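Order of listing sets the numbers, starting from 1, for every ligand and every atom in it. Computed from a predicted structure; not experimentally measured.
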Amino acid sequence: MEIITNSYTETERFAENFAKQLKGGEVIAFKGSMGMGKTCFTRGLAKGLGFNGQVTSPTFALVNEYVGGRLPLYHFDMYRIESWEDLYSSGFFDYKESGGVIAAEWSENIEGALEDDTIVISFERLDENSRKITVSRGEA
Ligand SMILES: Nc1ncnc2c1ncn2[C@@H]1O[C@H](COP(=O)(O)OP(=O)(O)OP(=O)(O)O)[C@@H](O)[C@H]1O
Ligand SMILES: [Mg+2]
């Protein structure tokens, strides 16, 4: 499916609503470059799961854990992941088995580790405040 959002808030709301269908165990892989709305979307997911704390880019930490909502959400930034070894040491596979939800920014860097049931969310910039967001499931 495909939607166009015209503001940060619209993207966040869409993600908040999207979170309702999550059952745990999903990997959500974001595609799209800087400033597209990947962190914005993740903030919406966290809200939608009922997490009340801060959601910030895990660029330096690699992964942020948002626990306390309906399901735990693990927010990865794969920007600096360059090898399988990096990916293993990030804890990605352990988190994946834990039954929480994974949301991964810069998933282009872990393409080979994504399974067929990955939820891929791609962002395209239409103009300063508009984004085309494409959600595809099971076609990673
Ligand atoms: N429709 C929109 N949806 C989401 N963000 C938007 C939209 N229009 C404009 N923006 C702006 O785009 C930026 C998105 O920032 P965000 O941190 O979510 O991007 P990102 O994809 O995570 O980037 P990075 O790769 O640097 O982490 C914000 O500055 C936001 O205000
Ligand atoms: Mg980000």
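Protein heavy atom closest to atom 31 (O) of ligand 1, with residue, atom name and distance, is Y8 CD1, 3.6 Å. Shortest contact from atom 3 (N) of ligand 1 to any protein heavy atom: T11 OG1, 2.6 Å. Protein heavy atom at the shortest distance from atom 25 (O) of ligand 1 is K38 NZ, 2.7 Å. Among protein heavy atoms, atom 23 (O) of ligand 1 sits closest to G35 N, 2.9 Å. Looking from atom 6 (C) of ligand 1 to the surrounding protein, the closest heavy atom is R131 NH2, 3.8 Å. With hydrogens left out, the protein atom closest to atom 9 (C) of ligand 1 is E128 O, 3.2 Å, a heavy atom. In terms of protein heavy-atom proximity, atom 19 (O) of ligand 1 is nearest to G37 N, 3.2 Å.
Considering backbone and side-chain N/O of N6, none are found under 3.5 Å from N/O of ligand 1. Polar contact with ligand 1: absent for S57 (N/O pair, distance under 3.5 Å). For the pair E105 and ligand 1, the shortest N or O to N or O distance falls below 3.5 Å.
Residue-ligand proximity: S33 is placed with a non-hydrogen atom under 4.0 Å from ligand 1. Every heavy atom of F123 sits 4.0 Å or more from the atoms of ligand 1.
Using a 4.0 Å threshold on non-hydrogen atoms, atom 17 (O) of ligand 1 counts as touching the protein.
Closest approach of P72 to V67, counting heavy atoms only: CB-CG2, 4.2 Å.
At a threshold of 4.5 Å between non-hydrogen side-chain atoms, the residues E124 and L126 count as touching.
Y66 and I28 fall within the same hydrophobic cluster, defined by Ile, Leu, Val, Met, Phe, Trp and Tyr side-chain heavy atoms under 4.5 Å apart, directly or through other members.
Here the rule is salt bridge (charged side-chain N to carboxylate O under 4.0 Å, His left out) with E12, and of K47, K38, R131 only K47 fits it.
In summary, an N, O or S atom of E105 is located under 2.8 Å from the Mg ion (ligand 2). Among the backbone and side-chain atoms of T39, an N, O or S atom lies under 2.8 Å from the Mg ion (ligand 2).
A distance of 4.0 Å separates CZ of F93 from CG of L87, quoted to the nearest 0.5 Å.
When heavy-atom distances to ligand 1 are checked against a 4.0 Å cut-off, F30 has no atom that comes that close, whether in backbone or side chain.
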